[in-house]
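Before any comments, here is the structure.
Values below: all heavy atoms of this structure, side chains included; hydrogens, waters and symmetry mates excluded. Letters A, B, ... are given to chains in the order of the sequence lines, protein chains preceding strands, and every chain is numbered from 1.
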Number of protein chains: 2
Amino acid sequence: MKALSIKDIALKANVSITTVSFIINGKAKEKSISDAVIKKVQQIIIDSGYKPNQIARSLRTGNSHIIGLIIEDISNSFFSRIARLIEDKAYKKGYKIIYSSTENNVEKAQDLINLFKSRNVDAYIISPIKGIEEDIQLLLNENKPVILFDRNLPELNTNYVGANHFAASYQAIESFIKQGKKNIALVTIDIDVQQIIERYEGYKKALIDYAIPVDEELVLKIPFNQPEVDTIKQIKQLFKAKKIDAVLFATNYLAISGLKVLKQINKKIDEHFAVIGYDDHEAFELHTPSVSTIQQPLEEIAETIIKLILNQLSSKTKLPDQQIIIPAKLILR
Amino acid sequence: MKALSIKDIALKANVSITTVSFIINGKAKEKSISDAVIKKVQQIIIDSGYKPNQIARSLRTGNSHIIGLIIEDISNSFFSRIARLIEDKAYKKGYKIIYSSTENNVEKAQDLINLFKSRNVDAYIISPIKGIEEDIQLLLNENKPVILFDRNLPELNTNYVGANHFAASYQAIESFIKQGKKNIALVTIDIDVQQIIERYEGYKKALIDYAIPVDEELVLKIPFNQPEVDTIKQIKQLFKAKKIDAVLFATNYLAISGLKVLKQINKKIDEHFAVIGYDDHEAFELHTPSVSTIQQPLEEIAETIIKLILNQLSSKTKLPDQQIIIPAKLILR
DNA sequence: TTGAATTACTAAAACGTTTTATTATATTTA
DNA sequence: TAAATATAATAAAACGTTTTAGTAATTCAA
């Protein structure tokens, strides 16, 4: 059973394909199609359940009413929550979202951009990685709206929405210091993306500002995509080797691994040992005791991204690029 | 800057479009194109960075090398993990996945099916809801492979992959009973999908088999999509109103809400009060004490789904439908 | 030496739309 | 009443591919 085409509808209604197309696209009035014909065709469309073939439409028009979302890893709750919010908001405006994960793999990211490009997506939302600058530049050359989020690629002239990781990280360390902590560790990852670097810079700056010596041995850089058991080993190692009274984790999954270590070595979070996580996670609030964290305002980020995209899509001229930095919040629990 | 088309390549190589197409699609030998021409054209393609337009390709061939994944809610870690696994495995076989959430909304689910259909996806992986039987039947009529997962729609003749929720739930309750529990509650949701009903049936059957009276007041059915504050209120209410010594939560997010209640009312999980969750969640293991749960073998489910799909896609004839039930595991912590 | 088979390649149709240009008729204007 | 305009509709091109049904030249078989 093949799907109906506009041809079938035209045949049934005894009018031309053109007429049907005008009616489908709401151009009937403008193209002075008579009310009688409009009604007849619409009724036939409803009765037959005809749905235009979007592929053909896309081939002809070059657009798709689809926004492509490229993220690091959909199974990370930060990304899956953002994805869900973006999806909701876009859907209400008549846009569909398709998303896929890069796993921080340059090749896969490029593949995805090409996939989306060859599917005529109207706009791109990308949490980028180093190495895909050229591919994104190609999109910009074709005048496709691109919003980077979570991480910026400063060499590209495009839109960016992200949290102020430097300030958030600074604030977290500052709060440790004000609690009297002196041996403050940072557990982060070893990928070279701006938002991760910022977290490190904030950490360092706070220590320097408060005249606490920076000990690089207190900074643990976990290889990205390493199996969790190894991460746990490394963190355990750090906790054993160094005298530490506070630790900031640079991502939520690192914090989760860290909490597992604490449980295994039976170390408590208390007045002698403080922990702050990054990107909220249900386990943080539920933990005994609850774990403080740096919270990115997901709703606001998603909202801002969609607003930027829709503005660009509805504007005939290229709008000026915007770099929107949204403050992250330190949630002390 | 417009993208290159096959026409441009043909022009550059001074051959016909047909020849280029044959070469791109690896049919050059079969169609007896000379090695010299093949080399020349391939070189031009590489040098120019030409990428075939998938939309046009799709319009012509009717397929897309894309598999559509329709799930309840991408921000639920059960689904986002499954999505990630499916994505990985499909990617290795040259298929891309596009996914979207239904939010248990019939209309949105239908929209998504139509979206995917009009995008010529080659196959569908759906965690379905009541009310979209007809839409799925239409896909089956068009001979598109459809794999239902997580929940079945028994009236449809198609493939299904899911865990044995009845047995898992039975087992959980049985373990409560063997610990001597008598007042066993079930916190579940009020949606009418098979996998949720099974969890309830397993609960009831275990009680009956062990001659424990079934008290419907110990079964709390939370409205789906209700704000979490209300859920927490309802659970708190249940815990206050009834004498309970064990509780099974039918989903991971209900368990999370339940754990929050326990924290709020300062009730401990101990020998007097046992909890089992559903679908693992990082917070369960990290919780003090760790929370037992019913674990679905995500990897195996994803693997099975992809295997079924690929089999169907590579087979010319329609393969017999398969209903694969994979045991879920009770993890006692 | 001729007809058949093989080799090397291509023209054109088809996929299902949108849109431009055009036609034919009816109505308005001067 | 003739010219201009408005109304109502359509034919055909275009989007970028794949694929069918060729053609022409060469090689092979008997």
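- Taking a cutoff of 4.0 Å between a charged side-chain nitrogen and a carboxylate oxygen, B/Asp35 and B/Lys29 qualify as a salt bridge.
- Looking at residues two or more places apart in sequence or on another chain, you find no ring-ring contact (aromatic ring centres under 6.0 Å, His included) involving B/Phe79.
- Regarding B/Ile38, its CD1 atom lies at a distance of 13 Å from the P atom of C/dT7, rounded to whole Å.
- Heavy-atom nearest nucleotides on DNA chain C were determined for B/Ser34 and for A/Asn53, and the one closer to the 5' end corresponds to B/Ser34.
- Taking 4.0 Å as the cut-off between side-chain N and carboxylate O, A/Lys89 and A/Glu299 count as a salt-bridged pair.
- Heavy atoms of A/Thr19 sit under 4.0 angstrom from at least one base atom.
- Here B/Tyr50 does not reach the OP1 or OP2 of D/dG16: none of its side-chain N or O atoms lies under 4.0 Å away.
- In this model, the phosphate group of C/dT10 is approached by a side-chain N or O of B/Ser16 to a distance below 4.0 Å at OP1 or OP2.
- Atoms CD (B/Gln54) and P (D/dC15) sit 19 Å apart, rounded to a whole Å.
- In terms of phosphate contacts, A/Ser32 brings no side-chain nitrogen or oxygen within less than 4.0 Å of OP1 or OP2 of D/dA8.
- Atom CG of A/Asn14 is separated from atom C1' of D/dA9 by 12 Å (rounded to the nearest Å).
- Contact between A/Ala3 and A/Asp8 at its shortest, heavy atoms only, is O-OD2, 4.4 Å.
- Here C/dT17 presents its P atom at 16 Å from CG of A/Asn120, a figure rounded to the nearest Å.
- Residues passing the ring-ring contact (aromatic ring centres under 6.0 Å, His included) test with A/Phe224, sequence neighbours excluded: none.
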* To do: Would you mind building the protein contact string for nucleotides 18-27 of chain D? One character per nucleotide, 5' to 3', B for base within reach (heavy atoms under 4.0 Å), S for sugar-phosphate only, - for untouched.
  => BBB-------

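- The local environment of CG in A/Asp47 is crowded, with over 12 non-hydrogen atoms from other residues, nucleotides or ligands closer than 6.0 Å.
- Rounding to whole angstrom units, CG of residue A/Leu59 and C1' of D/dT17 are separated by 8 Å.
- Taking atom CD1 of A/Ile33 as the reference point, atom C1' of D/dT7 lies 10 Å away to the nearest angstrom.
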* To do: Test B/Ile66 against A/Leu115 for side chain to side chain contact (heavy atoms under 4.5 Å, CB included), laying out the working first.
  => CA-CA 10 Å; B/Ile66 291 184; A/Leu115 169 68; 4.1 Å; yes

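- Rounded to an integer number of Å, the gap from A/Asn63 CG to D/dC15 P is 15 Å.
- Per the geometry, NZ belonging to B/Lys29 stands 17 Å off P belonging to C/dT6, to the nearest Å.
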